[in-house]
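Comments concern the structure below.
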Amino acid sequence: MATLQTKPTDKTLEHVPASLFHRIVDSDIYYSFVHSRVTMVSAAVTLIFVCAAIFAPILAPHDVFNPIILNLGDSFTPPLWIDGGKTAFLLGADDQGRDILSTIMYGARISLLVGFASVIFALVVGVTLGLISGYVGGAVDAVIMRIADVQMSFPAVLIALLIDGVARNMLPRDLHDNMAIYVLVFAIGISHWVQFARTVRGSTMVEKDKEYVQAARVIGVRPVLIMIRHVLPNVLGPVLVIATIGLALAITTEATLSFLGVGVPPTEPSLGTLIRIGNDFLFSGQWWITIFPAISLVILVLAVNLLGDWMRDALNPKLQ
Amino acid sequence: MIAFLVRRLLQSLMVMLSVALIAFSLFTYVGDPVHGMVGEDTSVDERQQLRESLGLTDPFPVQFANFVGRVVQGEFGFSYRNYRPVEELIAQRLPATLELSITAALLALLAAIPMGVYTGLHRDSMLSRFFQTVSLVGISVPTFVTGILLILVFSVMLNWLPSFGRGEVVDIGWWSTGLLTTSGIKALILPSITLGLFQMTLIMRLIRSEMLEVLRTDYIKFARARGLTNRAVNFGHALKNTLVPVITITGLQLGSLIAFAIITETVFQWPGMGLLFIQAVMFADIPVMAAYLVLIAFFFVMINLIVDLLYYVVDPRLRVDRSVAGSAGG
């Protein structure tokens, strides 16, 4: 058993604190990471976004959600390099005199929060159903996969929109505003679980016939434990790739829903909400209110996508 | 072939029924239809009477069967917001969405095929790298951001193209088309590019990777050895063999185009079904939501069916395999 447990794929999961650092530096993935400039830049950009989002209350130049310090005289201040720009507002200010750079940092906070939360939600639902579907098989498998098929034939945005719309109508208005973020996470998560489930199901079906699973079964380990302790660690590799690309998708979906006006409430604007608010001023010449949040969103999504692309290639044994 | 067709039809029917069930559940469990129809002073008894006359007290399967029966006849009830039959609203909006989606699909295909073939053939040239970068950006830019950027450049800064509406439309029967007037075509340009860009990048990347795969095969080498011209090899042999996955994805994407039109229509205030749907979501207009859902599902199912049938047209191997298997089995 001991030899079977230390399969090479387990090395990232079995923590050996003393040598973990060396193991990481020695690994193929680290090698491919430091030899791809695009990947390192994307990782850096993603990290900057995450840090800016987490530490927004400390780093942001203005406390934009405190109405007391807002000065309407600052509204529509253009970016610094255009006539009339002020040093206090590097990227300009919006219609309420809020600093764009600060709103972007706070907006990225909501966008990333919803993005991560919904990917984790989709991952938990998808991996669980995929494991059960692949391990148990039979009628359970058939039912889960038919549901997945039907859902696959609709775009995720549409499903998320629908769930959000229904929740909006079922919950009383003030309750919905409080719960909007949870509803959004649920809607986006549910609309993205299928990829996880399909991949995990496929690898589970391969793994469950291998000797280590049979051995576990023979010595009487309960099926639930086999699934969690033995099969799960061996099917997680592709899940990481899907999760990364899924994060980009989730951020895009959240931004889209917020842009359409069904996402987060305007009191806690995400990048999508900021773009929607700024869109009203596009024709009156205040382009910076919408364009800077839009560019931030694109850069964030692009960086995460590039990371996902790299990870897919790096973890794909066929390409090595 | 017939067995396959029947199986596919049954599958499609299942999908439609499950979607109808979801749509019906929306009606039944979200909000109270009677509430929207009666005044404040209607008594509980009268409400109950209305409920019975509407068949709302029938058992669930009976209600569902009635719902499906009405939907099949194209009756979706009254919009809570516009007080008009939903099917009328949709018929009025359908041409706008279809014209937009089909134009976008054509644009995407016309641009993507040459770009995909080129990047597949010359994978390391400067132009290929440029196309690759553009496609990566295209995949990462959300549809609504594309729309906003196009509006900023072509409507606000250059003032070349309109940024909202359909322009002038001409009615041909019940179909209102914007394709026959200059302002209609001008109004179509930005929305269709916005909607088509994402599909274009997707199709381009797909054709590229398929081309790379096909060009490695033996029959391509053999065709070159036979001295066929580059054109004949690249287009007659290679491109033709990449078409099966391309048709699948394009077909499926056509369905999602109609759905993604929601976003484009919101950005450009295009008076199509998507705008109708998003307004329905905002105002809790359940009949419109349900009808849109059923209609979109119907489009998806139909497109999937047509895609499956197109395989037989494009890929002769399938015909041969099936008929051989059929005659061997029978």
Side-chain angles (χ1 to χ4, degrees), chain A residues 38 146-147 149-159 161-171 245 248-249 251-262 271-272 275-276 278-279 281-285 287 290-291 293-306 308-309, chain B residues 11-12 14-19 22-23 25-26 29-31 136-137 139-149 151-153 155-157 163-164 252-253 255-260 262-263 265-267 274 277-286 289-290 292-293 296-297 300-301 303-304:
Chain A
V38 175
R146 281 300 80 72
I147 296 173
D149 282 347
V150 172
Q151 193 180 324
M152 268 301 263
S153 48
F154 296 95
V157 172
L158 188 63
I159 293 169
L161 195 57
L162 204 75
I163 295 175
D164 202 73
V166 170
R168 181 169 295 265
N169 298 331
M170 285 176 83
L171 298 170
I245 295 170
L249 270 176
I251 293 174
T252 315
T253 312
E254 186 278 324
T256 306
L257 293 183
S258 294
F259 176 77
L260 293 176
V262 293
L271 290 177
I275 299 169
R276 176 168 64 103
N279 196 25
F281 303 105
L282 202 56
F283 288 96
S284 46
W287 51 269
T290 191
I291 294 303
I295 292 175
S296 318
L297 176 69
V298 171
I299 293 175
L300 175 62
V301 173
L302 186 63
V304 176
N305 261 338
L306 285 168
D309 267 6
Chain B
Q11 243 171 28
S12 312
M14 276 299 296
V15 173
M16 282 310 298
L17 275 178
S18 11
V19 172
I22 295 172
S25 316
L26 278 181
Y29 298 114
V30 184
L136 197 66
V137 174
I139 279 183
S140 300
V141 180
T143 312
F144 68 96
V145 175
T146 317
I148 290 176
L149 292 178
I151 289 182
L152 178 68
V153 175
S155 303
V156 179
M157 285 159 71
S163 63
F164 64 89
L252 297 180
Q253 289 302 320
S256 54
L257 270 180
I258 296 172
F260 270 108
I262 298 173
I263 303 161
E265 287 176 8
T266 309
V267 177
F277 176 69
I278 197 82
Q279 282 160 355
V281 169
M282 304 254 202
F283 291 94
D285 199 344
I286 301 288
M289 281 168 75
Y292 182 81
L293 190 67
I296 287 285
F300 270 105
V301 164
I303 289 167
N304 279 349

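Note that this is a predicted model, so its numbers are computed, not measured. Order of the sequence lines fixes the chain letters, A, B, ..., with proteins taken first and strands second; residue numbering starts at 1 for each chain.
Interatomic distance, CG of Leu260(A) versus CD1 of Ile262(B), reported as 7.5 Å (0.5 Å rounding). If you take CG on Leu293(B) and CG on Leu162(A), they are separated by 5.5 Å, rounding to the nearest 0.5 Å. Between the CZ atom of Phe277(B) and the CD atom of Glu265(B) there is a distance of 12.0 Å, given to the nearest 0.5 Å. For the atom pair Ile295(A) CD1 and Leu300(A) CG, the distance stands at 13.5 Å (nearest 0.5 Å).
The candidate from Leu161(A), Val262(A), Val304(A), Ile291(A) with the greatest count of non-hydrogen atom pairs under 4.5 Å with chain B is Leu161(A). Put simply, of Asn305(A), Leu249(A), Asp309(A), the one with the most heavy-atom pairs under 4.5 Å next to chain B is Asn305(A). Of all the listed residues (Ile148(B), Thr143(B), Thr266(B)), the one sharing the greatest number of non-hydrogen pairs under 4.5 Å with chain A is Ile148(B).
In this structure, chain A has no heavy atom under 4.5 Å from any part of Ala280(B). With a 4.5 angstrom heavy-atom cutoff, Leu306(A) touches chain B only via side-chain atoms. Only the side chain of Leu297(A) has a heavy atom closer than 4.5 Å to any heavy atom of chain B. Of the two parts of Val19(B), only the side chain, counted from C-beta on, holds a non-hydrogen atom closer than 4.5 Å to a non-hydrogen atom of chain A. With a 4.5 angstrom heavy-atom cutoff, Ile263(B) touches chain A via backbone and side-chain atoms both. Both the backbone and the side chain of Ala255(A) come within less than 4.5 Å of a heavy atom in chain B. Of the two parts of Ile303(B), neither the backbone nor the side chain holds a non-hydrogen atom closer than 4.5 Å to a non-hydrogen atom of chain A. For Thr290(A), the part lying near chain B is the side chain, with the backbone staying farther off; criterion is any non-hydrogen pair under 4.5 Å.
For Phe300(B), the side-chain contact (heavy atoms from CB on, under 4.5 Å) partners two or more places apart in sequence, or in a different chain, are Phe154(A), Pro155(A), Ile296(B). Val141(B) pairs by the side-chain contact (heavy atoms from CB on, under 4.5 Å) definition with Val298(A), Val137(B), Val145(B), Thr146(B), not counting sequence neighbours.
In this structure, Ser140(B) and Leu302(A) approach most closely via the heavy-atom pair OG-CD1, 3.1 Å.
Listed for the Ser18(B) side chain is a donor-acceptor partner under 3.5 Å among the backbone atoms of Val15(B).
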